[in-house]
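Only one structure is covered here, and it is reproduced in the block below.
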Amino acid sequence: MSLIVLLLVMVALVTVSLTLGLYLCWYFERRNFPELAVLPGEPPMALLPAVMGILKEALSLTLMVYSYPLRLIHDATPARTRHHGEVPVILVHGYGGNSANFLMMQWRLKWRGWSNVYSVSYTPPHINARKLSQQVVDHVERILQSTGAEKAHLVCHSMGGPLTRYALKNLGLAGKVDRVITLGSPHYGSRVAALFPPLGAAAQMRYQSPFIRELATGETCPGGARYFSIFSNLDNFVLPVSTAVLHGAEENVHVPYLGHVALLYSTRVLDQVERCLLKPEQSGE
């Protein structure tokens, strides 16, 4: 028991240290590149909400790491269709994550009445992003076949957003997705990715990488889906924060004072996700 407690404490120390280290990068970014790091129309940041947001992010990252092994149970559980033909909501995680990252949001969406909600895993993160995108396609097609629905809604955290956009643009997913809702996605890359080994998807998620520039060429919101981007000015993984603003999206939604991982657990974000899922088409679309 003491060994388990020691392990949990060590994990918490690592996650808190990582959070603080990334916020130093975030502070450097805002100080030296304000034209990219500050969102258009963003008011001056208040100290107390920012400090509370940093604490929430450290807690959220610790919780996410603690829940990581639950993937073994989650992925092994058969996907059950509650309402055949109902549009499924598919949750796509970010770099180095897994399906357990979305357990909280998945449970809360089901509690709010969304019957067909699925969280999926793709691995390993060090391979080419194009191969990971194909795994996203395979998950979507499998779930559509299981539910009998014609289209799916995708809620994508972090790297899940660019992977989904690539799949809709190049891998035949066009026409099979109704809405794409991204949470803290580095649509134009992130400088934080340069801190990871230059392998596979990590290198491709770097700020303005060739992969990212390819995605930005032509239609930035491909595949006939409706796009919504939800992001925060306190995101410590997506630098500069303006890279989460998706040009051509139906709506870009700023939810202030939330860190990158905290987006997954926030009630404010959940409310925005559900609003985007329920938003009717505008006349003339």
Side-chain angles (χ1 to χ4, degrees), residues 4-5 7-16 18-19 22 56-82 88-112 114-127 129 131-133 135-140 142-143 146-147 152-164 180-186 196 200-202 205 230 235-238 258-267 269-270 273-274 277:
I4 294 176
V5 172
L7 207 60
L8 293 175
V9 170
M10 289 178 63
V11 167
L13 289 174
V14 170
T15 54
V16 169
L18 177 61
T19 299
L22 288 174
K56 288 179 183 178
E57 174 64 12
L59 180 62
S60 299
L61 182 59
T62 304
L63 177 60
M64 188 181 77
V65 174
Y66 283 164
S67 66
Y68 203 91
L70 294 177
R71 172 199 175 168
L72 299 174
I73 301 173
H74 187 275
D75 289 356
T77 303
R80 294 182 174 86
T81 302
R82 294 189 178 184
V89 179
I90 303 174
L91 311 174
V92 184
H93 64 81
Y95 182 87
N98 63 40
S99 58
N101 299 167
F102 270 111
L103 279 177
M104 186 73 72
M105 185 174 291
Q106 184 178 14
W107 292 335
R108 293 163 82 186
L109 282 171
K110 287 183 177 180
W111 183 78
R112 291 188 178 198
W114 297 88
S115 299
N116 299 335
V117 186
Y118 305 90
S119 182
V120 300
S121 297
Y122 56 82
T123 54
H126 64 270
I127 67 174
K131 294 182 179 180
L132 296 177
S133 294
Q135 292 184 40
V136 174
V137 174
D138 295 341
H139 281 302
V140 172
R142 173 180 58 83
I143 292 170
S146 174
T147 59
H153 302 314
L154 270 62
V155 180
C156 313
H157 182 238
S158 195
M159 187 176 73
L163 294 185
T164 296
V180 177
I181 303 170
T182 64
L183 312 177
S185 284
F196 292 83
M205 289 300 118
I230 300 173
D235 194 316
N236 53 330
F237 276 84
V238 177
L258 287 173
H260 189 67
V261 178
L263 292 166
L264 294 169
Y265 302 106
S266 167
T267 299
V269 170
L270 179 64
V273 167
E274 191 168 34
L277 288 171

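Keep in mind that the numbers below use all heavy atoms, side chains included, and drop hydrogens, waters and symmetry copies.
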[Y] backbone acceptor or donor facing [X] side chain under 3.5 Å:
{"X": "Ser60", "Y": "Lys56", "answer": "yes"}
{"X": "Glu57", "Y": "His260", "answer": "yes"}
{"X": "Tyr118", "Y": "Val140", "answer": "no"}
{"X": "Thr15", "Y": "Ala12", "answer": "yes"}
{"X": "Asn98", "Y": "Tyr68", "answer": "yes"}
{"X": "Ser99", "Y": "Arg71", "answer": "no"}
{"X": "His139", "Y": "Ser121", "answer": "yes"}

Over all heavy atoms of both residues, which pair between Leu258 and Ser266 is shortest? Give the atoms and the distance, please. CD1-OG, 3.5 Å
Of all the heavy-atom pairs spanning Ala58 and Val16, show the shortest one and how long it is.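 Looks like CB-CG2, 4.2 Å.
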Aromatic ring centroids of Phe237 and Tyr95 under 6.0 Å? no
Is it the case that over 12 heavy atoms from other parts of the model lie below 6.0 angstrom from the NZ atom of Lys131? no
Who are the ring pair (Phe, Tyr, Trp, His ring centres under 6.0 Å) partners of Tyr122, not counting sequence neighbours? His93
If we ignore angles and hydrogens, is there a donor and acceptor under 3.5 Å between the side chains of Thr147 and Asn116?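 No pair is found: no donor N or O on one side chain lies under 3.5 Å from an acceptor on the other.
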